[in-house]
Every structure is written in structure tokens, then in C-alpha cells.
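Below you'll find the structure, written out as C-alpha cells, and then a few comments.
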Amino acid sequence: MQNKQIANPQSTDVPKVKGPEMNDRDFLNDALATCKYLAEGLNIAAWEASHDQLHQTYMQLLTETQDSARELYNQMFQKGWYKLEAEDQQKLQQAYQQFSGYSTQFPYSH
């Protein structure tokens, strides 16, 4: 079985033995987790905002938070601190076929 991991070589900025202090990887990981948490809350706030200007403000904050999360993810991926698994093309095609048929069941179309 071949390795399907998608990753960059791990940065040498992180010590081999982890102590109690936070390092760069810890800070980036914490910031990314915080962005994800904030985005979830802002998403709900935007849905529930009754005033248009408030909704627009939440949407702007949500976009900025998502952009920040993407930048953090990119930094972690470049340093080899975030790894992905490649999926088999046949499995992707099967899932696409399964779920693409659902769109005909939607009461509206975009």
C-alpha cells in the first residue's frame, strides 16, 4: 500500500522533546482553533442578526476570521505541521455521483 499522505517536510523550528512551554507550532495551532471557534459563533450571529447593518458587520468579521484561519492553515501546512490524506479517485467519483443526484430534490435552485 502506498503512502497517500500529503504534507511538506516538518520544520526544524520545533524541538524533538516537548516541554511545558508553547512553541511556534503550539501558537499557530491555538490561533487556528480560536479562528474556527470564532467563525462558528459569528456564523450563528450572522444568521440571527435582525438588523441589516449588524448582519453585514457580522459577515465582514466572519470573512476576515475565515481568511485568518486560511492563512494560519497555510503556514502550518508549509511547515509540515498539518497533514492531509489523499483519497482514492474512485471513492471520490462514487461519492460525487451519490450526492450530485440530491440536487434534484432541492425545492429551489441557484
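Values reported hereafter were calculated over all heavy atoms of this structure, with side chains retained and with hydrogens, waters and symmetry mates removed.
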Problem - Derivation and outcome, side chain to side chain contact (heavy atoms under 4.5 Å, CB included), residues Asp88 and Lys4 - result: CA-CA 9 Å; Asp88 179 56; Lys4 292 183 175 184; 3.7 Å; yes
Exercise for the section: With rounding to the nearest 0.5 Å, note down the distance linking CG in Leu32 to CG in Asn74. Expected result: 10.5 Å
Completion exercise
OH of Tyr82 to CD of Gln75, rounded to nearest 0.5 Å, is 14.0 Å
Exercise for the section: Taking the side chain as every heavy atom from C-beta outward, state whether Asp67 and Arg70 have any pair of such atoms under 4.5 Å apart. Expected result: no
Fill in the blank from the handout: When every non-hydrogen atom of Lys91 is compared with those of Glu87, the smallest separation belongs to CD-OE2, 3.2 Å
Handout entry: Contact check, side chains of Trp47 and Asn43, non-hydrogen atoms, under 4.5 Å
Key = yes
Practice task
State, to 0.1 Å, how close Leu28 and Met76 come at their nearest heavy-atom pair, and which atoms those are.
Solution key: CB-CG, 3.8 Å
Practice task
Check the angle between the aromatic planes of Tyr102 and Phe99 and answer parallel, tilted or perpendicular using the 30° and 60° thresholds.
Solution key: perpendicular
Problem - Heavy atoms from other residues, nucleotides or ligands near CD of Gln93 exceed 12 (cutoff 6.0 Å) - result: yes
Handout entry: Under 3.5 Å: donor-acceptor pair, side chain of His55, backbone of Ala49
Key = no
Practice task
Decide yes or no for Leu61 and Glu64: does some side-chain heavy atom of the first lie under 4.5 Å from some side-chain heavy atom of the second?
Solution key: yes
Problem - Stepwise side chain to side chain contact (heavy atoms under 4.5 Å, CB included) check, Glu85 with Gln5 - result: CA-CA 5 Å; Glu85 289 290 324; Gln5 195 173 68; 3.7 Å; yes
Exercise for the section: Determine whether Leu38 and Tyr58 fall in the same hydrophobic cluster, where Ile, Leu, Val, Met, Phe, Trp and Tyr are linked whenever their side-chain heavy atoms lie under 4.5 Å apart. Expected result: no
Problem - Leu92 vs Tyr96, side chain to side chain contact (heavy atoms under 4.5 Å, CB included): CA-CA, chis, key distance, verdict - result: CA-CA 6 Å; Leu92 289 173; Tyr96 174 79; over 6 Å; no
Handout entry: From Met22 atom CE to Phe27 atom CZ, the distance as rounded to the nearest 0.5 Å
Key = 4.5 Å
Completion exercise
Minimal heavy-atom distance between Lys83 and Gly80, with the atoms involved, is NZ-O, 2.9 Å
Handout entry: Over 12 foreign heavy atoms within 6.0 Å of CD, Glu40
Key = no
Fill in the blank from the handout: Taken to the nearest 0.5 Å, the spacing of Asp26 CG from Asn29 CG works out to 7.0 Å
Practice task
Return yes when atom CG of Asp52 has more than 12 non-hydrogen atoms of other residues, nucleotides or ligands closer than 6.0 Å, and no otherwise.
Solution key: no
Practice task
Could you tell me whether the side chain of Thr34 reaches within less than 4.5 Å of the side chain of Asp30, counting heavy atoms only?
Solution key: yes
Exercise for the section: Taking all non-hydrogen atoms of both residues into account, name the closest pair between Leu62 and Ala39 and its distance. Expected result: CD1-O, 3.4 Å
Practice task
Indicate the atoms forming the closest heavy-atom contact of Asn8 with Phe77, along with that distance.
Solution key: ND2-O, 2.8 Å
Handout entry: Nearest non-hydrogen partners of Thr65 and Cys35, listed with the distance
Key = CG2-O, 3.4 Å
Exercise for the section: Walk me through it: do Lys36 and Gln66 pass the test side chain to side chain contact (heavy atoms under 4.5 Å, CB included)? Expected result: CA-CA 8 Å; Lys36 290 176 180 181; Gln66 290 173 333; over 6 Å; no
Problem - Path from Tyr37 to Met59 over hydrophobic side-chain contacts below 4.5 Å - result: no
Problem - Side-chain heavy atoms of Asp24 within contact of Lys79, under 4.5 Å - result: no
